[in-house]
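In each ligand, atom 1 is the first atom listed, and ligand 1 is the first ligand listed.
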Amino acid sequence: MIEPSILSCDFSILGDQIRQAADAGAKRLHIDVMDGVFVPSISFGMPLIKSIRKMSDMFFDCHLMIVKPERYLKVFAGCGADGITIHAEACEDIQAAVDEIHALGKKAGLSIKPGTPVEVLEPYIPSLDLILVMTVEPGFGCQTFLEGSLERIRAVREMIGRIKPDCLLQIDGGVNTKTIPAARQAGVDIFVSGSAVFYGESIADNYRQLTEAEKEAE
Ligand code: DX5
Ligand code: ZN
């Protein structure tokens, strides 16, 4: 499944581009919240999510690249997030945060940066709906898929298979028609993609090509 990331949208026509992604077949939307502390960049936050919630019934997957995300879980749930993904590196009590996301009635995801050992995830897998393995250093779109990511994906796939087979495995960063096939074969369920969906002439064509790359690998 391809999950378009709005970080690469043209924000002057954001609603229109989200509609185009939905018309192309996207069921989930990736929403990158950055605080300028956990990552160098600052993206957008609550008001934007509230606005687009009014025009879309897609699954809103909020990727929180912020320190101490536990401070804001309730707020993002209230803005219209359907799923909330926090970073293992940013959170003091991961289990408490995951439990709170569930108590708010939302799906809980846990993410790791490229330098974080995959074993960090293991204790939390029984309570997770999604694991996000970053395939670039978080913070910016348009980066290159990091070497070594496939091995990490396979290791996480193995853990999920052993502990909680219905937990989804997602990757984010450098996803395109060239990087999808091997990652799909390594066990990825959801491909977050920003620039490969929203840059260029046609969102519909981009989305179709990414979906085809995914199918061909199966
Ligand atoms: C990066 C963000 C990504 C970003 C991916 O920190 O988490 O979601 O939008 O962009 P691309 O697909 O261009 O690598
Ligand atoms: Zn992201």
Side-chain angles (χ1 to χ4, degrees), residues 1-11 14 17-18 20-21 24 26 28-45 48-49 52 58-67 69 72 76 81-91 107-116 128-150 152-153 156 168-184 188-201 203 205-211 213-214:
M1 191 186 299
I2 308 297
E3 180 175 295
S5 167
I6 61 168
L7 191 63
S8 294
C9 281
D10 174 347
F11 289 100
L14 178 61
Q17 295 204 327
I18 291 173
Q20 288 182 50
R28 300 171 58 106
L29 202 62
H30 190 79
I31 300 175
D32 286 309
V33 178
M34 304 180 184
D35 66 355
V37 180
F38 182 69
V39 291
S41 192
I42 298 176
S43 57
F44 44 72
L48 180 136
I49 300 171
I52 59 174
M58 292 162 95
F59 183 98
F60 279 11
D61 186 15
C62 290
H63 175 195
L64 301 187
M65 286 166 273
I66 65 176
V67 293
Y72 286 103
F76 282 105
D82 296 300
I84 299 178
T85 296
I86 57 170
H87 266 270
E89 306 86 355
C91 190
K107 300 285 186 193
L110 183 62
S111 181
I112 48 169
K113 298 204 280 183
T116 302
L128 292 174
D129 302 296
L130 176 143
I131 289 174
L132 167 54
V133 175
M134 289 306 298
T135 43
V136 298
E137 281 301 332
F140 303 96
C142 297
Q143 299 183 76
T144 306
F145 188 89
L146 284 172
E147 249 179 78
S149 295
L150 291 175
R152 290 165 61 76
I153 294 164
V156 175
L168 295 165
L169 174 50
Q170 182 181 62
I171 63 167
D172 183 5
V175 166
N176 56 45
T177 52
K178 291 194 179 68
T179 53
I180 284 176
R184 177 71 189 130
V188 171
D189 299 306
I190 302 177
F191 293 90
V192 174
S193 178
S195 50
V197 171
F198 290 107
Y199 285 14
E201 292 299 303
I203 292 170
D205 286 350
N206 291 343
Y207 184 86
R208 183 179 42 75
Q209 282 162 17
L210 294 166
T211 307
E214 199 185 3

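Of all atoms in ligand 1, listed by their number and element, those nearer than 4.0 Å to a heavy atom of S195 are 11 (P), 12 (O), 13 (O). Annotation for ligand 1: atoms under 4.0 Å from non-hydrogen atoms of G139 are 1 (C), 6 (O). Close contacts between ligand 1 and P138 involve ligand atoms 6 (O) [criterion: under 4.0 Å to a heavy atom]. Shown in contact with G141 at under 4.0 Å from a heavy atom are these atoms of ligand 1, numbered in order with element: 10 (O), 13 (O). Taking every heavy atom of H30 and a limit of under 4.0 angstrom, the matching atoms of ligand 1 come to 8 (O). Here is the list of ligand 1 atoms found below 4.0 Å of a heavy atom in S193: 12 (O). Annotation for ligand 1: atoms under 4.0 Å from non-hydrogen atoms of H63 are 7 (O). Remark: ligand 1 atoms within the under-4.0 Å shell around heavy atoms of G173 are 14 (O).
At the top of the distance list for atom 3 (C) of ligand 1, counting protein heavy atoms only, stands D172 OD1, 2.8 Å. At the top of the distance list for atom 12 (O) of ligand 1, counting protein heavy atoms only, stands G194 N, 2.8 Å. Here the protein heavy atom with the shortest distance to atom 2 (C) of ligand 1 is D32 OD2, 3.4 Å. S5 OG, 2.8 Å is the protein heavy atom nearest to atom 9 (O) of ligand 1. Nearest non-hydrogen protein atom to atom 1 (C) of ligand 1 is F140 O, 3.5 Å.
Protein atoms of type N, O or S found under 2.8 Å from the Zn ion (ligand 2) total 4.
Checked by atom type, the side-chain pair H63/D61 shows no donor-acceptor distance below 3.5 Å.
Heavy atoms from other residues, nucleotides or ligands lying under 6.0 Å from NZ of K113 number more than 12.
For the ligand labelled ligand 1, residue G174 lies inside the 4.0 Å heavy-atom shell. A heavy-atom separation below 4.0 Å is found between V192 and ligand 1.
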Begin from the C-alpha positions of Y207 and Q20 and carry the test side-chain contact (heavy atoms from CB on, under 4.5 Å) through to its verdict. CA-CA 10 Å; Y207 184 86; Q20 288 182 50; over 6 Å; no
